[in-house]
**Q** 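My questions all concern the structure below.
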Amino acid sequence: MNIVLFGPPAAGKGTQSEKLAKELNNFKISTGDLLRSEVKKNSSLGKKIKVLIDKGELVPDSIINSVVENLLADKKYFNKMIFDGYPRNLNQAKHLDVTIKKHKQKITCVFSLTVNLDTIIKRITGRQVCSNCKLTFNKFFNPSTLDNHKCDSKFLEKRVDDTEDTVKSRYDTYSKETAPIIEYYKNQKILYEINGMGDISMIYKEIHHIISSLHT
Ligand code: AMP
């Protein structure tokens, strides 16, 4: 089953898609992570991407769409993709529909996580990502502990775009470019709106319940 999770920055897409990927034995496909790893290589493409990420703007569709197209063509990922942060605008959503059909797959369901701006800012300022295992924590709400995280604390990093200024611009980008795809998926009758303000495990339960009901 292929699933899409989207929502404003720090809505919990990464956390929920990690949990889903683990339980369903699927792959979390985070376009943000893929772009950040290109930035880390310091390639000329990576440098261009960094400027856009730091400003909170979207990277051109042509770059993202071709990355996703390669993954869809890869048998390893066949019907096992949990998209985190893709599609990000109507053009990407339409491109995904066409490409996924071409590879004889479909999107089974789309979860839109809703969170208000105040909460987003609090979540962003505490967010930490482990550069070793890629798990995401929050030093206020979900700290890394010996029980939930095996790596050394030296691997915990703050994302460079997790500043209050950048988050406001990322939120604006979300409202202008990403929010319109809610209607697109509503019309396809595969959209589920989830309140992303609650506890991580409760949100996961709700998502899991919906997915299980689709199996039967
Ligand atoms: P994320 O990790 O999903 O919050 O993404 C971080 C940043 O990467 C975004 O603010 C965008 O600049 C860029 N990005 C991630 N996914 C996409 C996408 N599907 N289309 C365009 N830009 C993206």
Side-chain angles (χ1 to χ4, degrees), residues 2-21 27-41 43 45-72 77 81-100 107 110-115 117 119-131 134-138 157-182 184-185 196:
N2 294 308
I3 298 169
V4 168
L5 271 108
F6 77 92
K13 307 181 291 284
T15 306
Q16 297 297 333
S17 48
E18 254 157 38
K19 284 167 92 62
L20 276 177
F27 298 92
K28 170 184 154 182
I29 309 295
S30 157
T31 42
D33 285 350
L34 293 168
L35 293 169
R36 279 184 288 276
S37 64
E38 190 61 41
V39 170
K40 274 208 169 137
K41 287 186 208 157
S43 61
L45 176 63
K47 284 180 187 150
K48 285 182 201 144
I49 292 173
K50 183 177 179 339
V51 174
L52 295 166
I53 290 187
D54 288 354
K55 282 198 285 189
E57 290 174 15
L58 294 185
V59 169
D61 293 343
S62 54
I63 296 177
I64 299 287
N65 286 341
S66 75
V67 169
V68 172
E69 198 158 350
N70 287 338
L71 296 174
L72 281 167
Y77 298 110
M81 300 175 105
I82 316 272
F83 290 103
D84 157 14
Y86 180 88
R88 226 32 177 242
N89 59 28
L90 213 45
N91 180 36
Q92 292 181 12
K94 288 180 179 167
H95 185 270
L96 176 61
D97 269 355
V98 172
T99 321
I100 212 159
I107 299 290
V110 176
F111 294 99
S112 162
L113 298 169
T114 54
V115 182
L117 184 55
T119 307
I120 289 170
I121 290 172
K122 280 184 201 133
R123 286 185 180 179
I124 289 274
T125 53
R127 176 151 69 182
Q128 297 173 313
V129 183
C130 175
S131 60
K134 311 290 177 216
L135 283 178
T136 304
F137 300 94
N138 186 291
E157 290 177 356
K158 199 169 159 54
R159 276 172 48 172
V160 283
D161 58 342
D162 273 352
T163 63
E164 201 167 325
D165 278 350
T166 311
V167 84
K168 284 187 180 142
S169 120
R170 282 158 67 200
Y171 189 78
D172 277 354
T173 303
Y174 171 79
S175 309
K176 274 191 228 127
E177 309 224 22
T178 313
I181 63 180
I182 291 179
Y184 180 77
Y185 285 122

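The figures here come from the full heavy-atom set of this structure, side chains too, leaving out hydrogens, waters and symmetry mates. When a ligand or atom number is given, it counts from 1 through the structure's own listing order.
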**Q** Check Pro87 against Ala93 and note the closest heavy-atom contact, atom names and distance.
**A**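 It is CB-N, 3.4 Å.
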**Q** Compute whether any side-chain donor of one residue and acceptor of the other, for Ser43 and Glu38, lie under 3.5 angstrom apart.
**A**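 Short answer, yes.
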**Q** Say whether Tyr86 and Asn65, considering side chains only, have a donor N or O and an acceptor N or O under 3.5 Å apart.
**A**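 A pair is found: one side chain offers a donor N or O, the other an acceptor, under 3.5 Å apart.
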**Q** Which residue in the set Thr31, Asp61, Asp97 passes side chain to side chain donor-acceptor pair (under 3.5 Å) when paired with Gln92?
**A**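 When Thr31, Asp61, Asp97 are each tested with Gln92, the side chain to side chain donor-acceptor pair (under 3.5 Å) holds only for Asp61.
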**Q** Could you report the tightest heavy-atom contact between Lys158 and Thr125, atom names first, then the distance?
**A**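 What the structure gives for the nearest pair is NZ-O, 3.4 Å.
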**Q** Indicate the atoms forming the closest heavy-atom contact of Asp161 with Arg170, along with that distance.
**A**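 In terms of heavy atoms, the two residues are closest at O-NH1, 2.7 Å.
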**Q** Strictly under 4.0 angstrom, heavy-atom based: which residues surround ligand 1?
**A**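 Close residues (ligand 1, cut-off 4.0 Å): Thr31, Gly32, Leu35, Arg36, Ile53, Glu57, Leu58, Val59, Ile64, Gly85, Tyr86, Arg88, Gln92, Arg159, Asp161, Arg170.
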